[in-house]
Amino acid sequence: MNDYFVIRKEGTSPRILALTLNQKAQNLLNQEFDKAKVNFLNKFINEKREEDGRKIKERVAYPLEITEYYIGYESSNELSVIYDYSLDFDMFDAVKNPTNITKFDTSHHSFEDILAIFTANDDGRVLVQYYNSANVIKMSKSLFMVESSKEMTTGDEITGFTIQDNLIAILEENEDKFNIVFKNFNMAKRVFKNLNAYFEEASIPVLKEFSARCFDTSGNFNILDIANNETRQKLAIINHSGILTNQVIKKDENGIEIKDEHGNPIFETQDKTPVEIQELAKKFDVDLQLNSDQSKIIPPDNRKALNDLLSGFCSLIYESPVTGQRMKANAAKPYPKK
């Protein structure tokens, strides 16, 4: 028999509670989570075939490939995985030691505080289903027809929730850490808030710092006036990749290289100079102009130009090796040769 648990919103304690189920509820959850797992791991396509001269349409399942998560890239044909992920709350302890977990009790706990429902699969992986206020059913606010009298009546003072037919994540143990598999990063981080450490849109301070470091702001340029969500996302990818920085050997005040105890040079991160950034932009056919002393870049004068520039640094503007055309992609990830 599977045990089922809820994850509650931040600020509640304890974060994980166990659900007490009768056999009918147990069977329903088992059935729906099995369906949800199949839906999560596969892509379904309606295909036509002929059988005995008849055209038949059937729903065919194709297993989705699981590839390591790359910032900003998602595909309906793939699942993403982040390895060595650290959980905010110990879900695996709950499924291994269910009797140690406090039971969900409506006299002390609210259905509206639930973030997710989870259980353990037969292979030990944890299946996670997202939950929000739309799942809550208040019988006292629902109307039902009494068959004998054909009259509408309200339900009892019972509150419950509905089950969905999809998962947002599957987790598996990886020594003292975990692997998290998901389809949609933004959905997964609604439950697993610390996923923000892997990719969080650039904040206002980060935008300001980038602008002050790279652009000549002596005129009327203010990056906040033209930045949008695309700007924030692209800048986050750039900062995470380090494309606008160099790894250089650290030196002391006398210019002598600093080495570790094994004699290996110690590296440090330095920002690329405006001239280096200008040369980098030429690789995707953007001709950046520098100010008179070449200490800063003349900023783009509109949102499209700014986002195109950032897209180039994200490797999203490129020349097609097939057609030779200049192309722009919404997202990309490394694709090594086989």
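Taking 4.5 Å as the limit, some side-chain heavy atom of L288 sits within range of a side-chain heavy atom of V286. Side-chain contact between L41 and I170 is present, with at least one heavy-atom pair separated by less than 4.5 Å. Using a 4.5 Å heavy-atom cutoff, the side chains of F313 and I237 are not in contact. Between F182 and N184 there is no side-chain heavy-atom pair separated by less than 4.5 Å. Residues L207 and T231 form a side-chain contact, since some pair of their non-hydrogen atoms from C-beta on lies under 4.5 Å apart.
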- Message: Between F210 and F215, is the ring pair (Phe, Tyr, Trp, His ring centres under 6.0 Å) condition met? List the steps.
- Response: CA-CA 8 Å; F210 171 76; F215 295 137; 5.6 Å; yes
- Evaluation steps, side chain to side chain contact (heavy atoms under 4.5 Å, CB included), between I204 and R232: CA-CA 9 Å; I204 288 176; R232 295 170 184 272; 4.0 Å; yes
- Message: Does N291 form a side chain to side chain contact (heavy atoms under 4.5 Å, CB included) with I298? I'd like the steps, not just the answer.
- Response: CA-CA 6 Å; N291 62 4; I298 303 298; 4.1 Å; yes
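Every residue was checked against the salt bridge (charged side-chain N to carboxylate O under 4.0 Å, His left out) condition with R303, not counting sequence neighbours, and none meets it.
In this structure, F33 has its ring center under 6.0 Å from that of Y4. In this structure, the ring of Y131 has its center no less than 6.0 angstrom from the ring center of F111.
A distance of 12.0 Å separates CG in D285 from CG in D308, rounded to the nearest 0.5 Å.
Using a cut-off of 4.0 Å between Lys/Arg side-chain N and Asp/Glu carboxylate O, D123 and R125 are scored as salt-bridged. Salt bridge D88/K193: absent, no basic N to carboxylate O contact under 4.0 Å.
By the 4.5 Å side-chain criterion applied to Ile, Leu, Val, Met, Phe, Trp and Tyr, I249 is assigned to a cluster that also includes F267.
Annotation: K208, atom NZ; neighbour count of heavy atoms from other residues, nucleotides and ligands within 6.0 Å does not exceed 12.
Closest approach of N302 and A305 over heavy atoms only: OD1-N, 2.8 Å.
Aromatic ring pairs are classed by plane angle as parallel below 30°, tilted from 30° to 60° and perpendicular above 60°; the pair F5 and F118 is parallel.
Donor-acceptor pairing under 3.5 Å is recorded for the side chains of N179 and E172. With 3.5 Å as the limit, one finds a donor-acceptor pair spanning the side chains of N228 and N307.
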